[in-house]
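Here the structure comes first, spelled out in structure tokens, and everything after it is commentary.
Naming: A, B, ... by sequence-line order, numbering from 1 per chain. Scope of the values below: all heavy atoms of this structure, side chains included, with no hydrogens, waters or symmetry mates.
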Number of protein chains: 2
Amino acid sequence: MTSKSARGVVLDTIRRIPPFTALRDAEWQRLVPEIAIRSFPEGVFLFFEGDPPRALYVLLEGHVALIRHTAEGRDVVLDIMRPGSMIGELAVLEGMPYSASAKTLTEVRAVVFTRDQFMRLLQTYPQMATAVIYDLVRRVRHLSDLVQSLAIERVEQRLARILLRLMKISGEPHERGTLITLPLTRQDLADMAGTTVETTIRTLSRMRREGIVDTMRGRILILDSARLTHLAEEGR
Amino acid sequence: MTSKSARGVVLDTIRRIPPFTALRDAEWQRLVPEIAIRSFPEGVFLFFEGDPPRALYVLLEGHVALIRHTAEGRDVVLDIMRPGSMIGELAVLEGMPYSASAKTLTEVRAVVFTRDQFMRLLQTYPQMATAVIYDLVRRVRHLSDLVQSLAIERVEQRLARILLRLMKISGEPHERGTLITLPLTRQDLADMAGTTVETTIRTLSRMRREGIVDTMRGRILILDSARLTHLAEEGR
DNA sequence: CGTTTGCTTGATACGTATCAAAGTTGGTGG
DNA sequence: CCACCAACTTTGATACGTATCAAGCAAACG
């Protein structure tokens, strides 16, 4: 067990992300033994909407979708969380049930704090509040964009926007363009765009016919991001 | 000039709202001379989307709408701010242009901090961050609800929800029901529901025919809030 | 009192949901 | 390893909700 054990390497990474950069070295050293790192497979829920706020997660690797479920069985994707962001903060901060479910889109590694633990940390190290604030600010901005998109744009435009965002989040260079590495079904995309699977498929098929994207089962390849940007911004 | 001057009375009120409750008396006394209270008439903009983040407002009286404008001339109402909430925080915190415009829906009284002033306050009194956090949490919750509503509900259902919210925000008892005191045009409601004036009018007219609401120019009276709740929750 | 602003109704077109059915892929267990 | 099952994808036909365009009306305002 050297100082550069697997855990040691991960801790070095953690040290550099927002909630923890605020700490002084002495504080950090005191915190280290408390840090629980956990891994989750793809496609599982960290928590469900309505659950009591047991834990807060700081995402280290992978992606997590925040999802609302409706009584009629439809889902709405509120946001996709990337490494460095906090998950479950609203519920933990207010002591209220989670207002959305958190589902892993990939394998995930995260620091897990119990509610008590995190609240204590926040009291002990008020500088950590800054990280919470910037995380919330990012979410407000994203949700505002989403509201605007849902309120005034048509499905094609919304999907174009979503594809561009996914490209930024998880795009990987590919010989013919950029591959979106997140494994998303048509239903997932529909839940992000506030539409149905069928409409999503028809829209994506049109984009494929026009050479804007290429699609495989669960994978999307962006061929012409310029056209896509045009679609997202001009609407046609 | 007694200690209970007009300004003194207002200061007592301010002392009791979130960003300031966090301060100890000595800190508060030091802050008092810095506090600038300003009034604004109905229908003016505190700032426009894209403006540099000059000031942050803490709303004392009245209501303010956060509005996004689109290139095609459509507006989207992101949120309605009530007394006690902060306006312009995102921009001020990040030092980026305001991401929405703020328009007074009524006469408004607010504490105005310059960006520098507020950032300095936040550094000096880190407890104030708590107020910022809870304000942001409220906004995330509201925007999440709005996203869900826009993504899966039809106009009638969305409008029912909006009317119920307006009733909570600014409802006043009335002999036949509850009067929404905020002066909102049909266009304003349309901008909140992500629809057009015409559709809003048709939907409101149907509600009037069915005895759920009564409408006058710029005023709405809720007659049957139970039916409205049913519409908002069951969709019919 | 005329003019602007907000409200209302009607006719029509378009976008998207819904329902139905069949094809495809990947994984699992026999 | 293959067959089968479940999950995902696709296409078509149709209905419905809402946008759009057009026009007239009512109320506030200077």
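A/R165 has a carboxylate O that lies under 4.0 Å from a charged side-chain N of A/D79, or vice versa, which qualifies the two as a salt bridge. Using a 4.0 Å cut-off between charged side-chain N and carboxylate O, B/E156 and B/R206 make a salt bridge. Note on B/E198 versus B/R186: no salt bridge recorded, every NZ/NE/NH1/NH2 to OD/OE distance being 4.0 Å or above. Look at B/R161 and B/E233 and you find no salt bridge, because none of the NZ, NE, NH1 or NH2 atoms lies under 4.0 Å from a carboxylate O. Ion pairing of B/R68 with B/D75 is absent here, as no side-chain N (NZ or NE/NH1/NH2) approaches a carboxylate O to less than 4.0 Å. One finds no salt bridge joining B/D191 and B/R74 here, because no Lys/Arg side-chain nitrogen approaches an Asp/Glu carboxylate oxygen to under 4.0 Å.
In the helix from C/dC1-D/dG30 to C/dG30-D/dC1, the rotation axis of the first five pairs and that of the last five pairs differ in direction by 40°, rounded to 10 degrees.
For DNA chain C, the span of nucleotides reached by chain A at under 4.0 Å from its heavy atoms goes, 5' to 3', from C/dG15 to C/dG26.
Annotation: proximity of residues 183-196 of chain A to DNA chain D (heavy atom, distance under 4.0 Å) is found for A/T185, A/R186, numbered in ascending order. Scanning residues 63-72 of chain B for heavy-atom distances under 4.0 Å to DNA chain C yields an empty list.
Comparing A/V197 and B/T203 against DNA chain D, the residue whose closest nucleotide sits nearer the 5' end is A/V197. Nearest-nucleotide assignment on DNA chain D puts the 5′-proximal partner with A/I201, out of A/I201 and A/A151.
Note on A/T215: every side-chain N or O is 4.0 Å or more away from OP1 and OP2 of D/dT9.
Residues A/H69 and A/S101 bring a donor and an acceptor atom of their side chains to less than 3.5 Å of each other. Between the side chains of B/R208 and B/T215, a donor-acceptor pair is found at a separation under 3.5 Å. Of the N and O atoms on the side chains of B/T196 and B/T199, at least one donor lies less than 3.5 Å from an acceptor on the other residue.
Between atom CG of residue A/L150 and atom CZ of residue A/R158 there is a gap of 5.5 Å, rounded to the nearest 0.5 Å.
The residue B/V155 sits close only to the backbone: its heavy atoms come under 4.0 Å of sugar-phosphate atoms, none of a base.
Between the side chain of B/T181 and the main chain of B/S170, a donor-acceptor pair closer than 3.5 Å is present. Between the side chain of B/T104 and the backbone N or O of B/E107, no donor-acceptor pair lies under 3.5 Å. Between the side chain of A/S85 and the main chain of A/R82, a donor-acceptor pair closer than 3.5 Å is present.
Heavy atoms from other residues, nucleotides or ligands lying under 6.0 Å from CZ of A/R154 number 12 at most.
Residue pairs meeting the side-chain hydrogen bond (donor to acceptor under 3.5 Å, both in side chains) criterion with at least one member in residues 39-59 of chain A, sequence neighbours excluded, do not occur.
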Notebook entry, point to check: With the sugar-phosphate defined as primed atoms, P, OP1 and OP2, and the base as all remaining atoms, what B/S/- string results for nucleotides 21-30 of chain D, 5' to 3', for protein heavy atoms under 4.0 Å?
Noted result: B-----SS--
